[in-house]
Structure formats: C-alpha cells, structure tokens
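Take a look at the structure set out below.
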Amino acid sequence: MHRIWLCIASLLSAAPLISSQNVDTSQLTVIPKWNHSIVGVFQVSALNSFNQPHYAFNVSEARQLCSSLGVRIASLQEIEEALRSGFETCRYGWVDEQLGVIPRIKAVTVCGKNQTGLVPWRAAVTHKFDVFCFNESDKTAQLEDAKHQLTSKSPLTSFSTSSLSLLENTDSWTAQAHSVATAQAFAGGKAALIACSCALLLLAAAITAYIKQKRKSESSDLKRQKEYMKTEEPKSVTMVKEPEKVALEDERIKEPENTDLEDERIKLDDTAS
C-alpha cells in the first residue's frame with residue numbers, strides 16, 4: 001500500500017514539471033549539476049516526496065521536459081561524446097532514439113549490469129526513465145573556454161594549440177615505434193628459440209644415426225667373424241685327417257716286406273727239416 005501511494009505521489013509530482021514552460025527545478029535533480037553539463041549533456045531526474053530521484057518520464061514527457069528547460073533531448077552520439085569526456089551515471093535515461101541508456105566508465109554490479117560503455121535498455125515508449133538533455137550553447141561555450149585557456153597561457157609555461165597537437169602526434173608515434181620494437185624483439189626471440197630447437201633436433205638425429213650405424217657395423221663384424229670361424233673348422237679337420245691317411249698308406253706299403261720275411265722263414269724251416 002505504501003508503494004502504491006508512493007507511485008501516485010510521484011506521478012502527481014511529475015505532472016506539474018512538464019505542464020508549462022515554467023519548470024519547477026526544485027522538484028528536479030541534475031547530473032552532474034545545473035549549468036555544469038559535460039560537452040552539453042546532462043541527466044534530469046524527478047524527485048519524489050522523500051526528495052529521492054525516481055523514474056518519472058516516458059519518451060514524450062522526456063522530450064517535453066528538455067524543451068521546457070530550453071534545450072533538447074540528447075542523441076546517442078552526443079551521449080557517447082560525453083562518455084569519452086568522463087560522463088557516467090547510474091540511472092537509465094531516455095535519448096532521442098527512444099532508448100534508455102546508462103553511460104558507464106567503470107563496471108559496477110549495481111549500475112548498468114556491471115558493463116561499460118553505453119548500456120542500452122530497449123523498453124516500451126511508455127516506460128518511465130530519466131532523460132538526457134543537450135544544451136548546444138553549453139557545448140559551444142565549453143569549447144571556447146578550452147581554446148581560450150590554451151591560447152591565454154604564457155608561451156614559456158604552456159604549448160600553443162599546434163604545439164599540443166604536435167606533442168600528441170609525437171607521443172602517438174613514440175607509442176607506435178615502441179610497439180613495433182616490442183613486436184620485432186618478440187619475433188627475434190621467437191626466431192632464435194626456433195633455431196635453437198632445430199639445432200637440438202638435428203644434433204639428436206645425428207647422434208641417433210651414429211649409434212645405429214655403429215651398432216650395424218658391430219653386428220656386421222660379428223657376423224663375418226662367425227662365418228670365418230665356420231669356414232676354418234673343416235680345414236683344420238682335413239689337415240688332421242691327412243697325416244692319418246699318409247700313415248695308413250705307409251703301413252700298406254710296408255706290409256709286403258713283412259710277407260717276404262714270412263716266406264723266407266718258411267723256406268728256411270723247410271730246408272732245415
């Protein structure tokens with residue numbers, strides 16, 4: 001029940017804000033502050049009866065409110081420019097493209113779904129949000145002030161606009177040269193590592209080939225030695241057997257002599273008898 005009365009009070013408090021060109025700014029709060037827009041962009045929220053900001057404007061009411069303040073509703077491009085200049089909030093606001101967005105620089109869980117950049121919410125045009133307004137004259141004045149500050153400083157203590165631009169370009173070139181040098185150093189180190197790896201692989205392959213060749217040579221020598229031993233054994237046997245054959249032949253030759261002696265003995269015995 002309390003929430004229902006709070007919503008009714010919010011609607012009633014928001015109605016007078018956009019009913020005429022004379023806006024009661026005491027019922028509004030602005031981010032960053034009144035007359036302190038960032039490149040012309042500021043966010044407007046309505047205050048409830050507890051003096052707390054609440055979503056109170058649909059698309060048409062948001063456009064009318066900005067118009068009542070003497071400005072217009074901001075576009076996505078203008079919000080992006082303000083974001084690059086440091087503008088961030090934690091509340092959704094309507095933009096000209098009928099989107100609710102939150103500009104975020106830092107990721108926070110309670111703001112913009114813990115995202116950065118322009119966080120969108122494509123809601124119905126009747127949905128209630130805050131509104132981002134754009135003041136062209138504020139942006140122009142801020143640019144003129146920035147130029148005046150650059151040109152009004154003493155040349156001994158500051159750079160001119162062209163010098164500042166040259167310094168930015170020099171910094172950019174230096175950063176690019178540093179990145180190129182880093183990339184070249186990384187590539188050189190990588191090439192050296194690849195060369196060392198290839199050399200180690202070649203050395204390992206050479207050692208492996210040498211070991212295989214040595215084993216093959218030893219195996220071949222052993223095989224030859226075995227074959228040589230096999231061929232030498234029959235020769236030695238033959239050489240041993242040959243003297244035995246000679247001795248047998250000599251005995252055969254000597255056998256007739258023994259026979260003659262026996263014959264002579266027989267004859268002597270016969271004559272004696």
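This structure is a prediction, so every number in the text was calculated from the model and none was measured. Residue numbers run from 1 in the order of the sequence given.
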Notebook entry, point to check: If every non-hydrogen atom of Gly93 is compared with every non-hydrogen atom of Phe129, which pair is closest and at what distance?
Noted result: CA-CB, 4.2 Å
Checklist line | Check: Ser45/Asp130 side-chain N/O donor and acceptor closer than 3.5 Å | finding: yes
Checklist line | Separation of Gln27 CD from Thr25 OG1 (nearest 0.5 Å) | finding: 9.5 Å
Item checked: Contact summary for Tyr92 and Tyr55, nearest pair of heavy atoms -> N-OH, 2.9 Å
Checklist line | Reported OG-to-CD distance for the pair Ser75 and Glu81, which is rounded to 0.5 angstrom | finding: 9.0 Å
Check: Of the non-hydrogen atoms in Trp94 and Ala123, which two are nearest, and what is the gap between them?
Finding: CH2-O, 4.1 Å
Margin query: With no hydrogens and no angle check, just 3.5 Å: does a side-chain donor-acceptor pair link Ser37 and Asp138?
Written below: yes
Next item on the list: Over all heavy atoms of both residues, which pair between Val101 and Pro120 is shortest? Give the atoms and the distance, please.
Entry: CG1-CA, 4.1 Å
Notebook entry, point to check: Shortest non-hydrogen contact from Val131 to Ala62?
Noted result: CG2-CB, 3.5 Å
Notebook entry, point to check: Are Glu78 and Lys139 close enough that some pair of their side-chain heavy atoms sits under 4.5 Å apart?
Noted result: no
For residues 102-114, dump all side-chain donor-acceptor pairs below 3.5 Å to protein atoms at least two apart in sequence or in another chain.
unit_1, atom_1, unit_2, atom_2, d
Arg104, NE, Lys106, O, 3.2
Arg104, NH1, Thr89, O, 2.9
Arg104, NH2, Glu88, OE1, 3.4
Arg104, NH2, Lys106, O, 3.0
Asn114, OD1, Val108, N, 3.3

Checklist line | Within 6.0 angstrom of Gln77 CD, more than 12 heavy atoms from elsewhere | finding: no
Margin query: Do Phe42 and Val71 make a side-chain contact, defined as non-hydrogen atoms from C-beta onward lying under 4.5 Å apart?
Written below: yes
Check: Do Val119 and Val95 belong to the same hydrophobic cluster, where Ile, Leu, Val, Met, Phe, Trp and Tyr are linked whenever their side-chain heavy atoms lie under 4.5 Å apart, directly or via other members?
Finding: no
Next item on the list: Hey, could you give me the CD/SG distance between Gln43 and Cys90, rounded to the nearest 0.5 Å?
Entry: 9.5 Å
Next item on the list: May I ask you to decide if Glu136's main-chain N or O and Thr140's side chain share a donor-acceptor pair within less than 3.5 Å?
Entry: yes
Next item on the list: Please work out which of the three classes, parallel, tilted or perpendicular, describes the rings of Phe132 and Phe87, given edges at 30° and 60°.
Entry: perpendicular
Notebook entry, point to check: Is there a chain of hydrophobic side chains (I, L, V, M, F, W, Y, each step under 4.5 Å between heavy atoms) that links Val44 to Ile38?
Noted result: no
Next item on the list: Is it possible for you to say whether Trp121 and Ile79 belong to one hydrophobic cluster, with membership spreading through side-chain heavy-atom contacts below 4.5 Å?
Entry: no
Checklist line | disulfide (SG to SG under 2.5 Å) partners of residues 114-148, not counting sequence neighbours, each pair once | finding: Cys66-Cys133
Item checked: Contact check, side chains of Leu65 and Leu28, non-hydrogen atoms, under 4.5 Å -> yes
Notebook entry, point to check: Do Lys128 and His54 come close enough that some side-chain heavy atom pair is under 4.5 Å?
Noted result: no
Next item on the list: Check whether Ile31 and Phe57 end up in the same hydrophobic cluster, where Ile, Leu, Val, Met, Phe, Trp and Tyr are linked by side-chain heavy atoms less than 4.5 Å apart.
Entry: no
Notebook entry, point to check: Considering all heavy atoms of both residues, which atom of Val125 and which atom of Gln98 are nearest to each other, and what is their separation?
Noted result: CG1-OE1, 3.4 Å
Next item on the list: Mind checking the CD1-CD spacing from Ile73 to Gln64? Nearest 0.5 Å is all I need.
Entry: 12.0 Å
